[in-house]
Amino acid sequence: MREKKPYIQRPAAKKSTSKKTIIFAAILILLMIIYSVLSFYEGSNEDTSSLKTEPVFKKQGELVFKKADGTEIRKIDIEIADDDIKRAQGLMYRTTMTESQGMLFIFDKEEEQGFWMSNTRLSLDIMYANKSGEIVKIYRNATPYSEETLPSEFPAMFVVETLAGFCQKYGIAEGDIIEYTRD
């Protein structure tokens with residue numbers, strides 16, 4: 001006959017989940033929630049301009065609008081966007097601009113262009129001009145934040161952006177000329 005051994009209580013098996021694992025999981029979940037919230041607001045059309053520093057207008061030249069016969073219509077101060085980084089930034093995140101200010105985009109070659117208003121808070125008039133400075137296409141009152149592409153429809157080497165209503169107020173039309181100088 002076999003001798004009975006006394007009953008010995010063994011310690012309970014350790015749970016596979018320790019306090020450190022639970023804390024790590026909680027932190028991971030919290031980070032995923034924060035990331036999701038930030039991603040939502042970054043991708044929305046909500047005003048996030050307060051999260052970004054608004055660019056300040058820097059006069060880099062002057063641009064004159066003229067009729068085809070050379071008659072001056074209006075002169076404005078311009079910022080110049082003549083490289084990929086400046087052209088990509090454009091007037092995004094601006095909340096103010098005067099009617100005597102604008103931006104001139106200069107491209108390396110004359111070809112069809114297309115602009116959109118993503119992250120642009122101000123409504124703008126957008127004018128495309130060929131290498132001779134002749135305005136070939138105008139979009140008046142472009143809608144802020146719109147991701148619709150506004151094509152030049154004709155080869156263009158320059159694009160001028162001004163506040164919406166500028167073209168109507170000063171009678172600027174397709175066929176008019178732009179001339180600019182750098183400071």
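Note that the structure is predicted; figures quoted are calculated from it, not measured. Below, all heavy atoms of this structure are taken into account, side chains as well, without hydrogens, waters or symmetry copies.
Among the candidates Leu104, Ile126, Ile106, the single residue satisfying the side-chain contact (heavy atoms from CB on, under 4.5 Å) test with Val159 is Ile126.
Under 4.0 Å is where a charged nitrogen must lie from a carboxylate oxygen, and between Arg87 and Asp83 no such pair does. A salt bridge does not link Glu72 with Lys67: none of the charged nitrogens is closer than 4.0 Å to a carboxylate oxygen. Using a cut-off of 4.0 Å between Lys/Arg side-chain N and Asp/Glu carboxylate O, Lys75 and Glu179 are scored as not salt-bridged. The pair Arg94-Glu54 does not count as a salt bridge, with every side-chain nitrogen at least 4.0 angstrom from each carboxylate oxygen. One finds no salt bridge joining Lys58 and Asp77 here, because no Lys/Arg side-chain nitrogen approaches an Asp/Glu carboxylate oxygen to under 4.0 Å. Lys59 and Glu62 are joined by a salt bridge, as a carboxylate oxygen and a charged side-chain nitrogen come within less than 4.0 angstrom of each other.
Put simply, the side chain of Phe166 reaches to within 4.5 Å of the side chain of Ile76, judged on heavy atoms. Taking the side chain as every heavy atom from C-beta outward, Leu163 and Leu122 approach each other to under 4.5 Å. With contacts defined as side-chain heavy-atom distances shorter than 4.5 Å, the pair Arg140/Cys167 qualifies. Counting only heavy atoms from C-beta outward, the side chains of Met127 and Ile172 approach each other to under 4.5 Å. Side-chain atoms of Phe154 and Asn130, non-hydrogen and from C-beta on, never get closer than 4.5 Å to each other. In this structure, Lys169 and Glu99 have side chains that are in contact, with non-hydrogen atoms separated by less than 4.5 Å. Between Ile178 and Phe65 the shortest side-chain heavy-atom distance falls below 4.5 Å. Contact of the Tyr145 side chain with the Met117 side chain is not registered, since no non-hydrogen atoms from C-beta on lie closer than 4.5 Å.
Side-chain heavy atoms closer than 4.5 Å link hydrophobic residues (I, L, V, M, F, W, Y) into clusters, and following such links, even through other members, never connects Val64 to Ile135. Residue Ile138 is grouped with residue Tyr180 when hydrophobic side chains (ILVMFWY) are merged at heavy-atom distances under 4.5 angstrom, including chains of intermediate members. Linking Ile, Leu, Val, Met, Phe, Trp and Tyr residues whenever their side-chain heavy atoms come within less than 4.5 Å leaves Trp116 and Val160 in two separate clusters.
Taking each heavy atom of Pro155 and Glu110 in turn, the nearest pair found is CB-CG, 3.6 Å. Across every non-hydrogen atom of Thr149 and Pro151, the tightest pair is O-CD, 3.2 Å. When all heavy atoms of Gln89 and Pro55 are compared, the closest pair comes out as NE2-CG, 3.9 Å.
How far CZ of Phe158 is from OG of Ser152: 13.5 Å, rounded to the nearest 0.5 Å. Summarising the geometry, atom CD1 belonging to Ile78 is positioned 4.0 Å from atom CD1 belonging to Ile80; distances are rounded to the nearest 0.5 Å. Atom CD in Gln113 sits 9.5 Å away from atom CE in Met157 (nearest 0.5 Å). Within the model, atoms CG of Leu91 and CZ of Phe57 stand 9.0 Å from one another, a figure rounded to the nearest 0.5 Å. For the atom pair CG of Leu124 and CZ of Phe115, the computed distance is 10.5 Å after rounding to the nearest 0.5 Å. Note: Thr120 OG1 to Glu147 CD = 10.5 Å, rounded to the nearest 0.5 Å.
Few gaps surround CD on Glu112; more than 12 heavy atoms of other groups in view lie less than 6.0 Å from it. Residue Lys131 places its NZ atom among 12 or fewer non-hydrogen atoms of other residues, nucleotides or ligands, all under 6.0 Å distant.
Checking side-chain atoms of Asn141 against main-chain N and O of Ala164 turns up no donor-acceptor pair under 3.5 Å. Gln168 places no side-chain N or O within 3.5 Å of a backbone atom of Gly165 that could act as its donor or acceptor partner.
For residues 148-165, every residue pair satisfying the salt bridge (charged side-chain N to carboxylate O under 4.0 Å, His left out) rule, not counting sequence neighbours, is listed here: Lys137-Glu153.
Contacts of Pro144 classified as side-chain contact (heavy atoms from CB on, under 4.5 Å), with partners at least two apart in sequence or in another chain: Ser123.
Side-chain polar atoms of Tyr128 and Glu174 form no donor-acceptor pair below 3.5 angstrom.
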Worked verdict on Asp183 versus Gln60 for side chain to side chain contact (heavy atoms under 4.5 Å, CB included): CA-CA 5 Å; Asp183 283 347; Gln60 297 172 317; 5.5 Å; no

